[in-house]
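Notes to accompany the following structure.
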Amino acid sequence: MSLSTLDGTLHRGCGGRYALQTETVTMRLSGMAAEVTREFFRCEKCAHEQRTIEQRDAAEKVATELIRTEHELLVPKAIRQLRESLGLTVAQFAELIYGTPKGIVDGWEKGKYLQNREADALIRSLADRETLERRAAKAGVNLPVLDVAPDSLPAAGELPAI
Ligand SMILES: [Zn+2]
């Protein structure tokens, strides 16, 4: 289905025809807002409005990207990469973010949900080893042991900044 499926189609209720329109609205996601220009269809005769699933999805996608950029939130891939670099499952990672349901964390990684600023800060804080260990101890999560021999680890001064 394309965005223009309703364009020019008959509104059976009144005999008028739908035409493509745009509107600028404020969309709210996870407590944050963005101004988005989105498409919809309006009957030229009675002004009845229709919004297709594609139009709703497209507007939500634009809003998500605007909000993510404005608040400098992690992109889905960065969340997954951080979790994988720590050797944690989605369930374990979710436990460390104060027991966030793992379906939500999975949604963040897949771009299905947008984490709010608080959750974003919590996710970022796990890149800090001390914070990670403290949170893991509290949540009862066993962190994976580094499978690198100690003598092959770089000296403290050579550790890359995370
Ligand atoms: Zn109509």
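When reading the values below, keep in mind they use all heavy atoms of this one structure, side chains included, and skip hydrogens, waters and symmetry mates. Whatever order the structure lists them in is the order used to number ligands and atoms, beginning at 1.
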Candidate pair K102 and D106, rule salt bridge (charged side-chain N to carboxylate O under 4.0 Å, His left out), full reasoning: CA-CA 6 Å; K102 78 175 185 184; D106 193 57; over 6 Å; no
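When hydrophobic residues (I, L, V, M, F, W, Y) are linked wherever their side-chain heavy atoms come within less than 4.5 Å, the members clustered with L29 are M32, I67, L73, L114.
For R68 (side chain) and L74 (main-chain N/O), a donor-acceptor pair under 3.5 Å exists by modelled atom type. Judged by distance alone, with hydrogens and angles left aside, the side-chain atoms of R51 form no donor-acceptor pair with the main-chain N or O of R56 at under 3.5 Å.
For the residue pair T22 and E39, no side-chain donor N or O sits within less than 3.5 Å of a side-chain acceptor on the partner.
Of all heavy-atom pairs between Y18 and C43, the closest is CD2-N, 3.5 Å.
For the Zn ion (ligand 1), protein N, O or S atoms closer than 2.8 Å were enumerated as H11 ND1, C14 SG, C43 SG, C46 SG, with waters left out.
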